[in-house]
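Note that these values count all heavy atoms, side chains included, but never hydrogens, waters or copies made by symmetry.
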Amino acid sequence: MAQRVERWSKKQIRKQLQIIRGEVAPTICLTNATYLNSVLNKWLQANIWIHEDRIIYVGKDMPIKMEGTEVVDCSNQTLVPGYIEHHAHPFQLYNPHSLAEYASVHGTTTLINDNMIWFLNLDKKKALSLIDDLDKLPTSMYWWCRYDAQTELENEEAIFSYSNMKSWLEHPLVVQGGELTAWPKVLHGDDSMLHWLQETKKLNKPIEGHFPGASERTLTQMALLGVSSDHEAMTGKEALMRLEMGYTTSLRYSSIRPDLPQIIEELIELGVDDFSRVLLTTDGSTPSFYEQGFMDMVIKIALDKGIPDTDAYAMATYNVARHYHLDDRVGMIAPGRLAHINILEDKNNPLPVSVLAKGQWVKKDGVHQYPVPSFPWEEYDVKPLELNWDLTESDMHFSMPLGIEMMNSVILKPYRISIDVTQEQLPAESDESFFIMVDKNGDWIINTIIKGFAKNVSGFASSFSNTGDLILIGKNKKDMLLAFQQLKQQQGGIVLTERGKVINSIKLELYGVMSNKRMEEVIKEEKSLVSALKERGYLFEDPIYSLLFFSSTHLPYIRVTQKGIFDVKKKTVLFPSIMR
């Protein structure tokens, strides 16, 4: 069994004990604090001593020795543990560092992250070194271990090899298996995946499911397979069913599923009054969604919908830490824990005025002061996208009889193409566009037609996708080629073209998937792009998620994958990708 790594050395622990004995001064003392005691689920009064990154003492006493100690009077304020986002996808145009900074100044000082981006792009040695260094940020950074890629990959066996899976699962910063999107494979006899579920349980790490619309029978079978939590309830009734079956149940408020207010109302109507197995998540929302806040905004919704204040805060702190067996380290204000503390003006307003993250001020009296301005991505081969090949007019032939039709932002169904696709430009009155997915290395290509994306997008190219392969959409082949050329020149991102000109672009410097800019800048860029797409007839809520999920086989009904156009239900390739 993998061992937890002790954060503090013997020398550090001895020094911490000296503070209690009055031989050494703490670095910070928060006095006259009204704080949330997570174990008693009550508001208590205390003085809180902190030394470097650790809470040393919580109680009535003051330190005996205080030379050099920063004393902060917290009278008329409320202290709560730093918030935890347990279901972060830290690559939705932003990157893990920019997300950590933005989340922390909003009071979310612990992130539990999807590892997909590293699984697909880095060898395990570099990837695991990278997550070790990310945890040196003031934000605590934990990770999942994926069992599947959510799509059909050409080299899936090599990526999810025995060696890779074992190394990831046993890493001390990896605190769960999942999210398990390929659960039908396990139910239909995939013993390899079942093996990794069992190994996760042996390591005493929970397994998170991904079960939208799942029946009672399905949820029961997944519980027998070892899954202990799920975040896909879309109604109060679905959430209650999960709770009744013993699942830790996460309620979601995200850019494509803002269900939380309704779910809470329905749970209260259904008589639920114990929220100790309930968590909250924003589920990897797109950047502009976070203009409203981070976990602070989700807690505020819970408070406004009538959840008792101690429960509302616990759903994003103590409940999460306890579920992930991290409550000895995060999730509460108590001796021995990391000094993740939010100082609030009022317990009914979860947005903190000051934030301590690992004992460092990342926000003080309303002023942001995150101490780490950048992260050395290049040291881990996280680089710009290099396209050393060209897309030409010879690649722009469309003869496939089957197209894809968008039902909403993320659901695709097949449809039979009836328009003339040999022309250079499709009719303006049609809601059909050319669609290309091409390998980021230029090896294969899929050409079809997409219906329902937009009526007036002339040329569009994106390296932001589930796998980092390129997506081109548009009415005009020349503008599509221009969008590709601009994408190649800027080494990844998203480009919109019209009448021979680039009219909007986002540069994504890391793998062509993540921006290296701060979150505030990424939000502005995304809002500008989405506005330009909607002006040109994009019909749905979230084009960023449309791009991400074109190839994601955990959603119905067909997907465009590296292997070709894929029927999700039948698990067959309808039309294979073509080698270039």
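Counting non-hydrogen atoms of other residues, nucleotides and ligands closer than 6.0 Å to NZ of K451 gives a total above 12. Counting heavy atoms of neighbouring residues, nucleotides and ligands inside a 6.0 Å radius, atom CD of E378 exceeds 12 of them. Within 6.0 Å of the NZ atom in K237, the count of heavy atoms belonging to other residues, nucleotides or ligands does not exceed 12. Heavy atoms of other residues, nucleotides or ligands lying less than 6.0 angstrom from NZ of K478 number 12 at most. Other residues, nucleotides and ligands contribute over 12 non-hydrogen atoms within 6.0 Å of the CD atom of Q423.
Of the possible donor and acceptor atoms, none in the side chain of Y290 sits under 3.5 Å from a partner among the backbone N and O of Y102. With hydrogens and angles ignored, the 3.5 Å screen pairs a side-chain donor or acceptor of H188 with a backbone N or O of P184. Of the possible donor and acceptor atoms, none in the side chain of N476 sits under 3.5 Å from a partner among the backbone N and O of Q425.
Taken to the nearest 0.5 Å, the CG atom of L279 stands 10.0 Å off from the CD atom of E85. Atom-to-atom distance recorded for D114:CG and D283:CG is 10.0 Å, nearest 0.5 angstrom. Atom CD in E179 sits 5.5 Å away from atom CD in Q150 (nearest 0.5 Å). A distance of 10.5 Å separates CG of N516 from CZ of F375, quoted to the nearest 0.5 Å. Between the CG atom of D439 and the OG1 atom of T467 there is a distance of 8.5 Å, given to the nearest 0.5 Å. Atom CG in L482 sits 11.0 Å away from atom CG in L487 (nearest 0.5 Å).
Among all heavy-atom pairs drawn from V421 and F434, the shortest one is O-CE2, 3.7 Å. In terms of heavy-atom proximity, I471 sits nearest to L547 at CD1-O, 3.7 Å. Shortest non-hydrogen contact noted between T561 and I446 is O-CD1, 3.1 Å. Scanning all heavy atoms of the two residues, the minimum distance from M234 to G213 falls at CE-N, 3.9 Å. Listed here is the closest heavy atom pair of M297 and Y253: SD-CE2, 4.1 Å. Here the closest heavy-atom approach between residue T282 and residue F294 is recorded as CG2-O, 4.4 Å.
A donor-acceptor contact under 3.5 angstrom links the side chains of D542 and S255, judged on distance only. No side-chain donor-acceptor contact under 3.5 Å links D148 and H554. In this structure, a donor-acceptor pair under 3.5 Å is present between the side chains of Y415 and E432. T392 and S394 form a side-chain donor-acceptor contact under 3.5 Å, judged by distance and modelled atom types alone. Defined by atom type and a distance below 3.5 Å, a donor-acceptor pair is missing between the side-chain atoms of E208 and S229. A donor-acceptor pair shorter than 3.5 Å can be found between the side chains of T200 and Y147. Looking only at atom types and distance, the side chain of H86 has a donor-acceptor partner in the side chain of S250 under 3.5 Å away. Between the side chains of S577 and Q562, no donor-acceptor pair is found at a separation under 3.5 Å.
Results of the ring pair (Phe, Tyr, Trp, His ring centres under 6.0 Å) test with F435 over F453, F550, F460 single out F550 as the only residue that passes. Screening F549, W144, Y94, Y545 for a ring pair (Phe, Tyr, Trp, His ring centres under 6.0 Å) involving H89 leaves a single residue, W144.
Residues L187 and Q221 are in side-chain contact: their nearest non-hydrogen atoms beyond the backbone lie under 4.5 Å apart. You'll find the side chain of K475 reaches within 4.5 Å of the side chain of S430, heavy atoms only. No side-chain heavy atom of L402 sits under 4.5 Å from any side-chain heavy atom of T448. By the 4.5 Å heavy-atom criterion applied to side chains, P401 and I417 are not counted as neighbours. W196 is not listed as a side-chain neighbour of W168, based on a closest heavy-atom distance of 4.5 Å or more. Proximity of Q490 to Q486: side-chain heavy atoms (C-beta onward) are separated by under 4.5 Å at one or more points. T218 is listed as a side-chain neighbour of W183, based on a closest heavy-atom distance under 4.5 Å. Taking the side chain as every heavy atom from C-beta outward, L137 and Y370 approach each other to under 4.5 Å.
Sorted by first and then second residue, the side chain to side chain donor-acceptor pair (under 3.5 Å) pairs with a member in residues 498-508 read E498-R536, N504-S528; sequence neighbours excluded. Residue pairs meeting the ring pair (Phe, Tyr, Trp, His ring centres under 6.0 Å) criterion with at least one member in residues 480-523, sequence neighbours excluded, are W389-F484.
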*Starting from the C-alpha separation in whole Å, work towards a yes-or-no answer on side chain to side chain contact (heavy atoms under 4.5 Å, CB included) for T110 and T139.*
CA-CA 6 Å; T110 300; T139 312; 5.8 Å; no

_One pair to check against side chain to side chain contact (heavy atoms under 4.5 Å, CB included): K126 and W118. What are the steps and the verdict?_
CA-CA 9 Å; K126 278 201 173 79; W118 313 133; over 6 Å; no

*Candidate pair E393 and K477, rule salt bridge (charged side-chain N to carboxylate O under 4.0 Å, His left out), full reasoning*: CA-CA 8 Å; E393 291 184 8; K477 293 179 180 178; over 6 Å; no

_Step-by-step salt bridge (charged side-chain N to carboxylate O under 4.0 Å, His left out) determination, E152 to K563_ = CA-CA 6 Å; E152 295 294 304; K563 294 183 178 180; 3.7 Å; yes

*Full working for side chain to side chain donor-acceptor pair (under 3.5 Å) between K124 and S163*: CA-CA 9 Å; K124 67 180 181 185; S163 173; 2.2 Å; yes

*side chain to side chain contact (heavy atoms under 4.5 Å, CB included) evaluation trace for Y247 with M222*: CA-CA 10 Å; Y247 279 79; M222 298 316 301; 3.6 Å; yes

*Let me see the working for V175 and I112 under side chain to side chain contact (heavy atoms under 4.5 Å, CB included), right down to the final yes or no.*
CA-CA 8 Å; V175 297; I112 304 178; 3.7 Å; yes

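Remark: D431 does not engage K455 in a salt bridge, criterion side-chain N to carboxylate O under 4.0 Å. A salt bridge links K517 with E525: the closest approach of a Lys/Arg side-chain nitrogen to an acidic carboxylate oxygen falls below 4.0 angstrom. A salt bridge links R580 with D395: the closest approach of a Lys/Arg side-chain nitrogen to an acidic carboxylate oxygen falls below 4.0 angstrom. For the pair K383 and E509, the salt-bridge criterion is not met [side-chain N within less than 4.0 Å of a carboxylate O]. Under a 4.0 Å N-O distance rule, the pair D123/K125 does not qualify as a salt bridge. Using a 4.0 Å cut-off between charged side-chain N and carboxylate O, E232 and R252 make a salt bridge. A salt bridge between K488 and E386 is absent, with no side-chain N of the basic residue lying under 4.0 Å from a carboxylate O of the acidic one.
Ring centroids of H210 and H231 are separated by less than 6.0 Å, placing the two rings close together.
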